[in-house]
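Here the structure comes first, spelled out in C-alpha cells, and everything after it is commentary.
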Amino acid sequence: MPDLNTATAIDLNQWHLKSEQDLIELQKRIIESTDPNRPEIVVCHGTGCLANASDKVSEALKAGLAKAGINAKVMPGIKKTGCQGFCSRGPLVLIRPQGLFYQQVKARDADEIIEKTLMRGEIVKRLLYKDPKTKKAIATEQEIPFYKLQKRVVLKNIGKIDPTDILDTISSGGYQALAKALTSMTPEQVVAEVEKSGLRGRGGAGFPAGRKWRSALTAIKKKGRPVYVVVNGDEGDPGAFMDRTIMEGDPHSVLEGLIIGAYALGAQNGYLYVRAEYPLAIKHLEKAMEQARCLGLLGENILNTGFSFDARINRGAGAFVCGESTALFTSIEGKPGNPRPKYVRSVEEGLWGRPTVLNNVETWANVPLIIRKGANWYSGLGVSNSTGTKVFSLVGKVNNVGLVEVPMGVPVSRIVEEIGGGVPGGAPFKAVQTGGPSGGCIPYSLKETPVDFDSLTKAGSMMGSGAMIVMDDSDCVVDVGRYFLRFLEEESCGKCLPCRLGLSRMREVLDRFSQGKGSEKEIDDLINLSQAIVDGALCALGSSAPNPVLTTIRYFKDEYLAHVQDQKCPAGVCKDLITYRIDEEKCTGCTACSKQCPSNCISGEKKKIHVIDASSCIKCGICKESCKFGAVLTV
Amino acid sequence: MHQGELLDDILDQYPEKPEYLIFLLQDIQSKYGYISQDSMGQACEHAGVPLTQGYSVATFYQSFRLDPSGEHDIRVCMGTACHLKGAQRIVDDLSRKLNIKSGETTQDLRYTLSTVNCVGACALAPVIVVDEEYKSGMTAKKMDKQLKIMENELTEDTKEQGNA
Amino acid sequence: MKITFKINDKTVEARTGWTVLETAQHYGIDIPTLCHHESVTPSGACRLCMVELKEGNWSKLVASCIYPVKEGITIYTETERVSNVRRWVFEMLLSTCPASAKIRQMAANYGVASTRFPISNPDNKCMVCGLCSRVCEEVVGLSAISVVDRGVHKKIGAPFLRPTDVCVACGCCVSVCPTGAMQSFFDQVRGEPSMRLTQLTRQSAQEVKTS
C-alpha cells in the first residue's frame, strides 16, 4: 500500500541538532524530499471539525484512495491539521496544490472528491462555500471573505502543518527564531527586542510583556536564580478558544516562545499549565516536547550552545480562577487554587516564591515572530499602543463562527459584520460581549470602536483573552448579566467575602429583575454594590466581575427598566415575563411540539392548529426549539 | 476501589513531593472514575501532605469526584455561546429525563450528568460531551435519540452478559 | 529601621515588615477586622480592614492586614470608598451569619443595623474566614480541619466531612474563631470515636491486602 502520510522519509531519531546550520540543513532536506506538485488533501482535525466527524472524513478519504489505485508516484497525501478557523463550516477539506476549499464535507463525499477532483481535476461544486451576500460559489480559501480580510500571523501555520510532526514545523521555519536568539543574541538583546516590539500580554490585562521580563531581570539581580517561565494555558473565558487552537494546531510555536523566554531570563525550568478540558492540546504539547527533546531543541545543551532548559505540563483540574496568576502558581504547587493574599508582583515572588514570568499561550506564540522578523516589523502591525495582531473567537449570533486574526485597531464592525458575516437573517447586532466574564458589552452604536486594549477599556469593556460573543435582539442583557454572575459565583474561589457573597447578592438582585420585581432604585444600589466588589475583592476575578452588569446598565438601562417597571423582557428570554403562544397562521399541525412537550400542555391533532395551555406550561422552550415553521412565539 | 487496593503503579510514577498531589489524584480519578477515601489517604501520604490538603484540593477543583460515577458521562457545556443557544434548556431537559440533578449520578450508576464551563467548541453550540465525544447543535429531540442509543448499548451489554 | 508614612494625615513610624494594620493598631487607630490574628499568616479574606491608599489624584483600596508599609505612603482609614466596601460587607455578613452576636455588634458599631439581602440560614455563624484551620495548621501543627469546597459552597470541615482522629481537642480553633461558630462545630470534628476517619497509608493498604 502506498504511503499516504505527507511526512517525509526523514527519520527523526537520526537527527540531533547541534547548531543553527544543522537546523537549516534539516529544513532544506525536508523541503527537498517533498514533491511540491504532489497533491495533498488537508483535513481539519480541530475540535469543531472533529465533533462534526472530520476523522470519519479522513478515514473515508484514506480508504477511497487505497481503493482507487492511483499511481504511487502521484498518490496524494492526507494531512490532518489543527483548527483552520472557519468552524461553522466544518468539516473542512483543502485540496493542494490547487487550494480548493471544500466545506461541510461528509464521509460519503470522499469518493466523489477522489474521483472528480483528484483523478479528473474537476471541482465538486456543491461542496464549495457560497457567499451568502453574492450567492456565488467560491473555490479557494484566499477568496473567501472570512479568510481574505484576516491577517494571519500567529495562526499562519495552523491549518497548514501537521501539529504532531515536528518536521512539518521545521519545514515552515520553526525553531529558527530560537536558533537566532541562542547563537546571535545575548539574553539582554532578546529582552530588549521584546520590549521594543510593544507586545502586550494577550491573556486579559494587556501588561507589556517586555516590561514584565525586564522587571524579572531586576528581581533576579536582587534575589538570584532559579527563575521560572510559565505558560498560562488555562483559557477559561467561556466562548474563548484561541489558546486551545494554538496549542492544538501549532504547539511548537508556544514551546519555541517559552524556550526563548527561558534563555532571555536564564530559566532552567518551565511549566505549561493547560486546562483539563483541553485533552487534545495536552496530547499535542506532550508530543511536541518529546520531539523537540529528540532533536535537541529542548533539554540539555540546546543546539550545543550550553543552554539547558526543560518544561513540564500541569493539567488543570477544573477551576476558572486558576487563570489568575497567583492561583495558577498555588495550583502548580499542588494546592487548591486560591489567589494569594499578597501585594507583591509575581515577577518578584511567583512560583515557589521565586521570580516568575507568566504569559499566556498567545503571548508566548508571538515571541518567535518578534525574534525572527524583528521588533520593527512587529510594531508595524496594529496601532501604537497595541501592536501586533490579536486572535479572536467569534461566536454567538453570527454567521461565520470561528477563529479570526486581525491587526490590532480594526473596528468591531470589520470583525463582526465583514469577517463574521453579521447576524443570521441580516438584522444589525445588538451588542458584542468582549473580555468574557470580566469584560463588557460594546453596543451596535459603538461598532466603529477600534479593537485595541485602550479603546475597549474606554468603552467600558476590555480586550480580555479574545472572546467576542455577538448578541442579537433575542438576547436579553439581564439574562446575560445573570449568566456571567452565576458563572463567576460557581468559579469564585470563595476566599474573600465581596466575591463569595457579593456576587451571589448581585445575582439574586438580577434574578428578581428577571421576575419583574425591583425598582429603579435597586439598579442604583446594584451599581453601588458593584463598586464595593470592585474595590474590595481580593483578586482580579472578583474585582472585574461586576463589569458585564455595569456595562449593560450603562448601554441598555431601558431594558433593565422594562423588566422592573413594565414587567417585560423585550428580548423574550426571561421565563417569568413571557408566555408561549402558537401563531395560528404558521402552525401546520405537524405535532413536533406536542410530542416533545415535557409537561403535555400542547393540545391539537395532526394537521390541525395546536394550542398551548399556559396554565401548565413550564416555559422550558422546547416547543419553540422543535418548531420548524417559527410558529411558536414568545409574548 | 476496594479497601486496601494498592496504588503502587500510580504512586511510583511520581516523586514524593507535594507538587505531585494533583497529578496523583488525576491519575487515580482516571483509573477508578473517582477518588475513594482510601486512595486519597495513600496519595496524600505519598505526596507528603496532610489528608486535609487532599480533601481541600479534591473539593476545590471541579473535575474531581468523590463518589463513583456513572457508566456514561454526560456533560453539558455552559459556555456563553451555548447559553445563548439554550444550554440551560438542555440541562433541564436531561434532568427531567434522567431524574437527576446536574452533578448527580443515576441510581443504577448508568449516567452521570454534569455541566462544564465552556469546552471551547462554540461553533457547535449548544454542545454536550458524551463520554469524551462532542455532540453538536443539541435539541430535546436529538437528546432523545442519544439516550436511546446509550440505552440500547446498555441492553446489549446486559444481553451479552446474560448469554455468557 | 524605621519607616515613616501617614495614616489619616498623622505621621506614623513602623518597623520594616509591618503591615498597615499592625502600625494602625500600634497607634490605637481603629480598623475593623475579623479574620486577622497575630499568631497566624494573614489571609486577607474578610475585607473589613480595607483602607484607601492615595497618591495625588490616584487612589486604590488595599487590605491593611496584608499591605506592607512603605516609606512616604498616605493611608486613609475612613473614606467614602472604604465605608462603601465595609457597609456592604457588613450587610453580606448579616445575611450569611445572622446568628453571630459578635458580627451584629460590630455591624451596629459601624452603623449597619440590617441587611437588604435575604437570610438563608438563620442559625449560621461561620463566615468561612479559615482562621480556625490556619491555627490548627500553623500553631498546633496538625491540620485536622481545612477550608473545603469553593465559591459559595466553601466551608470548614475535616476530610470527607467525617470526624477525624487527627484532632486532639486542644480547642485552639474555638478560641480564635471570630464569630463564635467553631463552638458548635467542634463536636462534629471530634465526633464519635467509632466514626472517626483514619488515613489509609501505603503500608496499611499492603497489610490489609496480605492479611
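Order of the sequence lines fixes the chain letters, A, B, ..., with proteins taken first and strands second; residue numbering starts at 1 for each chain. Every heavy atom of this structure was used, including side-chain atoms; hydrogens, water molecules and symmetry mates were not.
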Between D475(A) and K397(A), is there a salt bridge with N-O shorter than 4.0 Å?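 Counted as a salt bridge, because a side-chain N and a carboxylate O are separated by less than 4.0 Å.
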Under a 4.5 Å heavy-atom cut-off, does chain A meet the side chain of [X], its backbone, both or neither?
X       : value
D92(B)  : side chain
K85(B)  : side chain
V57(B)  : both
S136(B) : side chain

Taking atom types as modelled and ignoring hydrogens, do the side chains of [X] and [Y] form a donor-acceptor contact shorter than 3.5 angstrom?
X      : Y       : answer
Y55(B) : Q37(B)  : no
S39(B) : Y32(B)  : no
S36(B) : D38(B)  : no
T47(A) : E248(A) : yes

Can you tell which part of [X] gets under 4.5 Å to a heavy atom of chain B, answering side chain, backbone, both or neither?
X       : value
L50(A)  : neither
F484(A) : side chain
I313(A) : backbone
N400(A) : neither
Q433(A) : neither
K575(A) : side chain

If we define contacts as heavy-atom pairs under 4.5 Å, which of [options] has the most with chain A?
options                : value
V49(B), L21(B), L84(B) : L84(B)
Q29(B), Q88(B), M78(B) : M78(B)
K97(B), H83(B), Q62(B) : H83(B)

Does [atom1] belonging to [X] count more than 12 external heavy atoms closer than 6.0 Å?
X       : atom1 : value
K56(A)  : NZ    : no
N99(B)  : CG    : no
K283(A) : NZ    : no

Less than 4.5 Å apart, side chain to side chain, heavy atoms only: is that true for [X] and [Y]?
X       : Y       : answer
M40(B)  : L25(B)  : yes
L7(B)   : L24(B)  : no
K135(B) : K142(B) : no
L94(B)  : V76(B)  : yes
Y61(B)  : S331(A) : yes
I332(A) : Y273(A) : yes
H46(B)  : L11(B)  : yes
D243(A) : S465(A) : no

Treating E104(B) as the side-chain partner and K101(B) as the backbone partner, does any N or O pair qualify as donor plus acceptor under 3.5 Å?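 Yes: the side chain of E104(B) pairs with the backbone of K101(B).
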Should the ring pair Y228(A) and Y271(A) be called parallel, tilted or perpendicular, given that the plane angle runs from 0 to 90° and is split at 30 and 60?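 Ring orientation, 0 to 90° scale: perpendicular.
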For chain B, the option from [options] that forms the most heavy-atom pairs under 4.5 Å:
options                            : result
E333(A), E490(A), R315(A)          : R315(A)
G239(A), A319(A), P238(A), C322(A) : P238(A)
P598(A), S88(A), P437(A)           : P598(A)
Q596(A), E277(A), E625(A)          : E625(A)
G621(A), G436(A), G337(A)          : G337(A)
A276(A), C87(A), G318(A), A317(A)  : A317(A)

Report yes or no: is the cationic atom of R275(A) (NZ for Lys, CZ for Arg) under 6.0 Å from the centre of the six-membered ring of Y278(A), at an angle within 45° of the ring normal?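 Verdict for Y278(A): a cation-pi partner in R275(A).
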Chain A contact residues among residues 123-132 of chain B, heavy-atom distance under 4.5 Å: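 Contacts with chain A: A123(B), L124(B), E132(B).
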Could you please state which residues from residues 467-474 of chain A sit under 4.5 angstrom from chain B, measuring non-hydrogen atom to non-hydrogen atom, sorted by number, or 'none'?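 Expected list: I469(A), V470(A), M471(A).
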